[in-house]
Amino acid sequence: MRATFSGLNTMVRGIMANQLSLDTTGHNITNAGTEGYSRQTVTLATTYSEERGSLHGSVQVGTGVDAQAVERARNIYADIQYRNENPYQKYYETMSVNYDKIETIFDDSKNLGIEAALNKFYQSWVDLSTNASNSSSRTHVIENGRNLTDILQTSVAELQDQIKSEYDDLKSELKEVDDILNEIVQFNKQITAQEVTGATANDLRDRRDLLVDKLSDYLNISFTENEFGSYQINSGGITLVNGYSRAHLEISDGVDSSYFGIDYGITDYNIKIAESNMVFIPQNGILKARFDSIAEDKAYIDKMADIASFMLTAFNEQHKQGWDMDGHSKNGEYANTTVPDTINFFGEGSIEYQYRYDAENKKNYLYKFDDTLNEDKKTLSGVQIIAELEVNSKFSENRGDRYIAAATSKQYNELTGTWEDMAWDKRTGDGTNAVYLSELFNISLDTINSDGKANALVSKNFVLRDLKGNVILDANGNQQPATAISTLSVNSFYQKSMSTLGIDAHSTDVNYDAMQAIMTQVTNWRDSMSGVDWNEELTNMIKFQKGFASCSRCLNAMDEMLDRLVNSTGVVGR
């Protein structure tokens, strides 16, 4: 009788174990398409008899099976690898999108961009040099100059809009990060409460791990699990989550970009930790890509400002060395002096602009010699320089084209090797200065400085100066010739900038493709263990169903045997 009851218990355990396995298989199948779900399996173990010397003598007969746990098929090393590599992929993906936008802004494929505007402006000076007395040629120079300033200013405005868009995205993403951190804390609480009873919170763990995966999109993280099943998540030396507590990340108050030294005409923001008011600097992921994209956009605003600065300094200086059609002199007289007082081509009147360099921070500035301004308003940077680049309003006057200084006021004496002043009425041609101006587009400052170049005088005042206007000497005590675009020509500087853009964009795309390949490999590695295989689950379903049916039939047979034993034997006194 005792053996019969033992067999009944064995079959009951088998039924329950197979039922649990079937339920788990059904759970796997229904969640095969659920994001972040990990395949679950029932851990089965044999049970043993605690009897010694039973009905079977010295033979020990097992008492069936016991379901010890339902476990997730999860590879923690694959998780770590995924969360280490994912921020890199998201970083390069975000940077690649930003580079695509920059390339669109500077797209010259339809001859409508800055390069085309520079070439048209250059060609108009070449044309003027051969036909300097023609009003149409002079007007053409003025209009192409305006076209250049318009395109430069439009490009910079688009870069500003792009920066503002990056900050808007950053604010939205930071809110999402904050929500993810809050949810992870809530799951820590639920998992701990459920597992303290001895249960395994598999589905809650899956949902928490999915949140950690999404968090790794935005920043680099490391995570550990304590003895209670709660996660601690760190990033850049900062503990973001610690069990039931967390740090709160928020966007800082806006600061005008000029606060940091250069005016980009936008409001800058940082990420800070609300509890300590410390600045949080993400080391990787989308958040870091946002800040790096903004820095890259600012760098191209600086490059456009450098071109504008060159035009306001070197180009203006060369223009003012020539004679206009009226032969303007400093004292307002005409044609009776060797010292011209020609107006700027760009900017206001004949105000002098000077290039200055902040060696400590490696930033370029433009100093405006305007006594009507306070001293702090004379040093221009970023978008201030771009805004200053306007064709002189004098050219808009009636017959304003006569102010273009196409004739030179200097001649080179081969015998003495010196430059000599040339009176307006003694000039040998009226287009020589236009030639000198056109050369600034394609000839480097080093070449212009070389002996024998007709326009060498243009760089006479272009030496490296600090923010106070003091000349910066090299290690040998010599002056260093330089403009905002170094010693390059305008076209070379712009082409170099665009080449750098193309190389950086291509490099980012290559890195993104490489990270995609790595992430595909890591994801496949995780899915090979955690993913649900339909064929495997259907096979398991058939196996457990057969086991359930077999145990049920054994239980029925034992029940019949017990019924016969109880009701048909052992009747005394018949």
Side-chain angles (χ1 to χ4, degrees), residues 149 152 156 256-265 298-299 301-322 330 339-390 392 405 409-410 419 436-437 440 444-446 448-449 455-490 493:
T149 61
L152 278 172
V156 169
D256 191 280
S257 59
S258 60
Y259 176 83
F260 299 103
I262 291 185
D263 185 5
Y264 295 103
K298 287 181 177 180
I301 291 178
D302 287 338
K303 292 178 188 296
M304 298 306 103
D306 289 342
I307 292 176
S309 181
F310 180 86
M311 292 296 181
L312 288 162
T313 54
F315 194 87
N316 273 351
E317 184 69 16
Q318 182 65 65
H319 184 262
K320 288 193 291 186
Q321 288 180 14
K330 289 184 179 296
V339 183
D341 189 27
T342 314
I343 61 174
N344 289 324
F345 189 89
F346 293 106
E348 304 172 20
S350 56
I351 289 176
E352 182 183 350
Y353 298 91
Q354 188 179 80
Y355 164 63
R356 294 186 177 180
Y357 178 66
D358 180 3
E360 181 179 354
N361 298 303
K362 296 182 179 179
K363 295 178 179 178
N364 297 338
Y365 293 87
L366 183 71
Y367 188 82
K368 182 178 181 181
F369 288 90
D370 187 348
D371 293 336
T372 65
L373 298 176
N374 294 331
E375 191 61 32
D376 61 331
K377 299 293 184 181
K378 294 181 180 180
T379 301
L380 310 179
S381 64
V383 294
Q384 296 172 336
I385 301 175
I386 297 292
E388 193 75 15
L389 188 71
E390 293 282 356
N392 201 314
S409 67
K410 303 290 179 180
W419 291 93
Y436 297 166
L437 286 163
L440 295 178
S444 68
L445 186 62
D446 288 335
I448 290 175
N449 279 331
N455 57 344
L457 189 69
V458 73
S459 60
K460 174 183 175 182
N461 298 320
F462 302 127
V463 295
L464 207 56
R465 297 176 185 272
D466 62 21
L467 290 179
K468 294 183 178 180
N470 300 315
V471 176
I472 301 174
L473 304 178
D474 62 17
N476 298 320
N478 299 318
Q479 294 182 351
Q480 305 170 76
T483 62
I485 60 176
S486 184
T487 58
L488 299 174
S489 66
V490 177
F493 178 81

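Throughout, residue positions are numbered sequentially from 1 according to the sequence presented.
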The side-chain hydrogen bond (donor to acceptor under 3.5 Å, both in side chains) partners of T379 (sequence neighbours excluded) come to none

Applying side-chain contact (heavy atoms from CB on, under 4.5 Å) to K362 and not counting sequence neighbours gives Y357

Contacts of E375 meeting salt bridge (charged side-chain N to carboxylate O under 4.0 Å, His left out) (sequence neighbours excluded), chain-then-number -> K378

Sorted by chain and residue number, the side-chain hydrogen bond (donor to acceptor under 3.5 Å, both in side chains) partners of D474 (sequence neighbours excluded) come out as none

CD1 (I472) and CZ (R465) are apart, to the nearest 0.5 Å, by 10.0 Å

Looking only at heavy atoms, the pair that brings F346 and N316 closest together is O-ND2, 2.7 Å

- Classify the angle between the aromatic ring planes of F345 and H319 as parallel (below 30°), tilted (30 to 60°) or perpendicular (above 60°). perpendicular

Sorted by chain and number, sequence neighbours left out, ring pair (Phe, Tyr, Trp, His ring centres under 6.0 Å) with F369 holds for Y367

Distance col, row E317:CD vs E352:CD, nearest 0.5 angstrom, shows 6.5 Å

Rounded to the nearest 0.5 angstrom, the CZ-CG distance for F260 and N361 is 12.5 Å

Those residues at least two apart in sequence (or on a different chain) that pass side-chain hydrogen bond (donor to acceptor under 3.5 Å, both in side chains) with Q480 are none

Taken to the nearest 0.5 Å, the spacing of I307 CD1 from T149 OG1 works out to 13.0 Å

Scanning both residues in full, the closest heavy-atom pair of A405 with L437 reads O-CD1, 4.3 Å

Notebook entry, point to check: With a 4.5 Å heavy-atom cut-off, do M311 and V490 have their side chains touching?
Noted result: yes

Interatomic distance, CG@N392 vs OG1@T342, rounded to 0.5 Å, equals 11.0 Å

For D263, the side-chain contact (heavy atoms from CB on, under 4.5 Å) test, sequence neighbours excluded, returns D256, S257, S258, S381, V383, Q384

The single option from D302, I301, I385 that satisfies side-chain contact (heavy atoms from CB on, under 4.5 Å) with I262 is D302

inquiry  = So does N478 get a backbone contact from the side chain of N476, meaning a donor-acceptor N/O pair under 3.5 Å?
reply    = no

Interatomic distance, CG@D466 vs CG@D358, rounded to 0.5 Å, equals 9.0 Å

Taken in chain and number order and not counting sequence neighbours, the residues that satisfy side-chain contact (heavy atoms from CB on, under 4.5 Å) with E388 are L312, E348, Y353, K368, L380

TODO: Test side-chain contact (heavy atoms from CB on, under 4.5 Å) on L366 and Q354 and set out the steps.
DONE: CA-CA 6 Å; L366 183 71; Q354 188 179 80; over 6 Å; no

Worksheet item: Would a 4.5 Å heavy-atom cut-off, applied to side chains only, mark N344 and K320 as touching?
Response: yes

For E390, the salt bridge (charged side-chain N to carboxylate O under 4.0 Å, His left out) test, sequence neighbours excluded, returns none

Residue set satisfying salt bridge (charged side-chain N to carboxylate O under 4.0 Å, His left out) with K298, at least two apart, ordered chain then number -> D268

side-chain hydrogen bond (donor to acceptor under 3.5 Å, both in side chains) filter on N364, not counting sequence neighbours, yields D306, Y355

